[in-house]
Amino acid sequence: MTVTIVGSQLGDEGKGGVVDLYGDAADVVARYQGGDNAGHTVVHDGTKYKLSLVPSGAVRGKVGVLGNGCVINPKTLFDEIDTLRERGLEPDVRVAERAHVILPYHRTLDGIEEAEKDDLAAGTTKRGIGPTYEDKAGRRGVRVGDLLDPDALRDRLEYVVPQKKALAENVFGTETGEEFDIDHLYETYREYGERLADEGMTVDCGRFLQERIDAGENVMLEGAQGTSIDIDHGIYPYVTSSNPTAGGASVGTGLGPTVIGQGEVVGIVKAYLSRVGTGPLPTELGGVEGQTPDYDANEGAGEDEEELATYIRDEGGEYGTVTGRPRRVGWLDMPMLRHAARANGFTGLAINHIDVLADLDEVKVGHSYEFDGTEILTMPPTTEAWGRCEATFTSFDGWPDVDWTTVAEDGYDAIPENARTYLEYVAEELDAPIYAVGVGPGREETVVVENPYE
Ligand code: GDP
Ligand code: IMO
Ligand code: MG
């Protein structure tokens, strides 16, 4: 059977940790979209692993597959595999031949286009994700399978590179270097192809996974990003360029929707919101310069709110792993979660980070929005309309900080009562049962209520 793990908000909900937790019962862990824009944390034997491309299951000896819906930067892939090997692990990673390849010019163009977009910039990770998916849709992309076939690779590069070079030079007026040089790209990527072939890493993803399922094995499908940054269901244009929603698990692996649908779809919820990037955020607390629209650093959002935002940010470690930039934070947004529950059809929920909110006097939740004078319970379809929504808050009594490891050992009833009231409100509103509750970053700091494989 399959268990699909989906982010229900804006990314960084703790998907890696849940994959690690439930992955024990899985034989194969496959990613179905995104690329090295992701950052999934797994804490194993006290060591923290931050994976951007290799599926989280690889840390525990599972077969990791990068599905056809992913975009692959071979350099990141091999760097990550080599680093894991240096740390004593033996990651077994397979890559779909149908997956598209991120080339150096995609990264360059990502940076140029972001700078050009001004207010419409999403604050991308500049990994070339968007430009690679553009080329996929434009039928001018390079696929993993092409890296194994030098003639096909050469043909593709000869067609596409002059266009990209002209775009960079003539439209955006930038100077270009070896990242737009056909011979250089050909040699470098042909070598990546050789390594993929030598290590027997490429697969026909759908067939590979279906055969494992038919043999009675368990497959876990690891989503990256989250529902509200999905290209179709998210806050367009402040989104990523793929489908993190559960439908993406079918398209992005080659397993039929009925196969995915017979399994479980677990929504990962962070008990508050965090956001790396731009665009509106109705339940935001305080603000962050350069990300919060129209944020005035001198004015701020009021001392109390800024203080609360800083508290949650510090307790939750909500700072960019690469840049150290503060992330935007906010209260839980229920219209966003109702939208996610419908778009993904969650069969269960893992709600993380309730420890971060401990010791607050009150915990608020955006229960609904006031939109042009009426109350609405789910997100409007345009981001402009979403920006006009004002959250209507419900307040919960806070819960104390306790020894969370003991709570995790003792089980659900050991969670402080006020926190349980909060959790049960969320589960009821989303009409999905709680499978797990995250009470700390470690795997042992999780209250397991239900194992979807059992
Ligand atoms: P992902 O992208 O969804 O896999 O999430 P990230 O790994 O980017 O970010 C989640 C961060 O929160 C990581 O540093 C995790 O170790 C940490 N984390 C996960 N669950 C919990 C939790 O329940 N409580 C706390 N305090 N931290 C958590
Ligand atoms: P994980 O898997 C949080 C955001 C970026 C930007 C937008 C588009 O760790 O949850 P992109 O580089 O994808 O074109 O950027 O999406 N973003 C994420 N935010 N977590 C992620 O991944 C993200 N991946 C992309 O900040 O706003
Ligand atoms: Mg992350």
Side-chain angles (χ1 to χ4, degrees), residues 1-6 15-35 38 40 42 44 49 51 53-72 77 80-81 84-85 89-100 143-145 148 196-224 242-266 268 344-345 347-348 350 435 450-454:
M1 74 172 282
T2 64
V3 173
T4 304
I5 300 294
V6 181
K15 296 175 292 292
V18 177
V19 170
D20 186 42
L21 177 75
Y22 289 140
D24 265 352
D27 303 283
V28 182
V29 177
R31 275 198 42 195
Y32 54 86
Q33 43 70 236
H40 295 179
V42 176
H44 176 37
Y49 296 90
L51 301 167
L53 196 52
V54 168
S56 300
V59 171
R60 272 178 220 273
K62 312 293 172 185
V63 178
V65 180
L66 293 167
N68 55 275
C70 296
V71 286
I72 315 286
L77 175 66
E80 225 165 79
I81 290 175
L84 290 173
R85 285 188 182 148
L89 302 176
E90 290 174 37
D92 180 356
V93 182
R94 315 297 174 91
V95 187
E97 287 196 32
R98 289 184 171 91
H100 280 249
R143 304 205 293 178
V144 168
L148 309 179
L196 287 168
D198 287 348
E199 300 197 18
M201 288 173 67
T202 60
V203 289
D204 178 349
C205 181
R207 196 151 59 88
F208 179 82
L209 294 178
Q210 188 65 55
E211 280 173 9
R212 309 291 291 235
I213 292 170
D214 291 344
E217 293 190 3
N218 285 328
V219 172
M220 176 157 275
L221 300 161
E222 175 181 2
S242 67
N243 290 118
T245 40
S250 172
V251 180
T253 59
L255 290 173
T258 44
V259 174
I260 309 286
Q262 278 157 21
E264 297 245 18
V265 178
V266 182
I268 315 305
N344 294 293
T347 58
Y435 279 6
E450 192 81 47
N451 185 331
Y453 284 112
E454 283 169 4

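Throughout, residue positions are numbered sequentially from 1 according to the sequence presented. Just so you know, these numbers use all the heavy atoms, side chains as well, and skip hydrogens, waters and symmetry mates.
- In this structure, Asn344 contributes its side chain and Ala246 its backbone to a donor-acceptor pair below 3.5 Å.
- Rounded to the nearest 0.5 Å, atoms CD (Gln210) and OG1 (Thr253) are 9.5 Å apart.
- Judged purely by atom type and a 3.5 angstrom limit, Asn243 has no side-chain atom pairing as donor or acceptor with the backbone of Thr245.
- A donor-acceptor pair under 3.5 Å is absent between the side-chain atoms of Gln33 and the main chain of Ala249, judged by distance alone.
- For Glu217, the side-chain contact (heavy atoms from CB on, under 4.5 Å) partners two or more places apart in sequence, or in a different chain, are Asp27, Val28, Arg212.
- Shortest non-hydrogen contact noted between Glu450 and Tyr22 is O-OH, 2.8 Å.
- Summarising the geometry, atom CD1 belonging to Ile5 is positioned 11.0 Å from atom NE2 belonging to His40; distances are rounded to the nearest 0.5 Å.
- Looking at Ser250, its side chain does come within 3.5 Å of a backbone N or O of Leu255 through a donor-acceptor pair.
- Residue Arg98 holds its CZ atom at 5.0 Å from CG of Asp204, rounded to the nearest 0.5 Å.
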Stepwise side-chain contact (heavy atoms from CB on, under 4.5 Å) check, Val93 with Glu80: CA-CA 11 Å; Val93 182; Glu80 225 165 79; over 6 Å; no

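- In terms of modelled atom types and a separation under 3.5 Å, the side chain of Tyr32 and the main chain of Gly254 share no donor-acceptor contact.
- Between Ala38 and Ala224, the shortest heavy-atom contact is CB-CB, 3.9 Å.
- The side-chain contact (heavy atoms from CB on, under 4.5 Å) test applied to Thr202 returns Glu97, Val144, Leu148, Leu196, not counting sequence neighbours.
- We find the CZ-NE2 distance between Arg143 and His100 to be 5.5 Å, quoted to the nearest 0.5 Å.
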Stepwise side-chain contact (heavy atoms from CB on, under 4.5 Å) check, Val95 with Ile72: CA-CA 9 Å; Val95 187; Ile72 315 286; 3.9 Å; yes

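- With values rounded to the nearest 0.5 angstrom, Leu53 atom CG is found 5.0 Å from Leu66 atom CG.
- A distance of 10.0 Å separates CE in Met220 from CD in Glu264, rounded to the nearest 0.5 Å.
- Counting only heavy atoms from C-beta outward, the side chains of Tyr435 and Val3 never approach each other to under 4.5 Å.
- Counting only heavy atoms from C-beta outward, the side chains of Val265 and Val6 approach each other to under 4.5 Å.
- Side chains of Asp20 and Ser56 form no contact here, defined as non-hydrogen atoms less than 4.5 Å apart.
- Checked against side-chain contact (heavy atoms from CB on, under 4.5 Å), Lys62 has the following partners two or more places apart in sequence or in another chain: Val29.
- Across all their heavy atoms, Val219 and Tyr453 have their closest contact at O-OH, 2.9 Å.
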Candidate pair Leu89 and Tyr49, rule side-chain contact (heavy atoms from CB on, under 4.5 Å), full reasoning: CA-CA 11 Å; Leu89 302 176; Tyr49 296 90; 3.8 Å; yes

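- For the pair Asn68 (side chain) and Ala96 (backbone), a donor-acceptor distance under 3.5 Å is absent.
- Using a 4.5 Å cut-off on side-chain heavy atoms (C-beta onward), Thr4 and Val266 make no contact.
- Between Gly67 and Ala99, the shortest heavy-atom contact is O-CB, 3.6 Å.
- Contact check for Arg31 versus Leu51: no side-chain heavy atoms found under the 4.5 Å cut-off.
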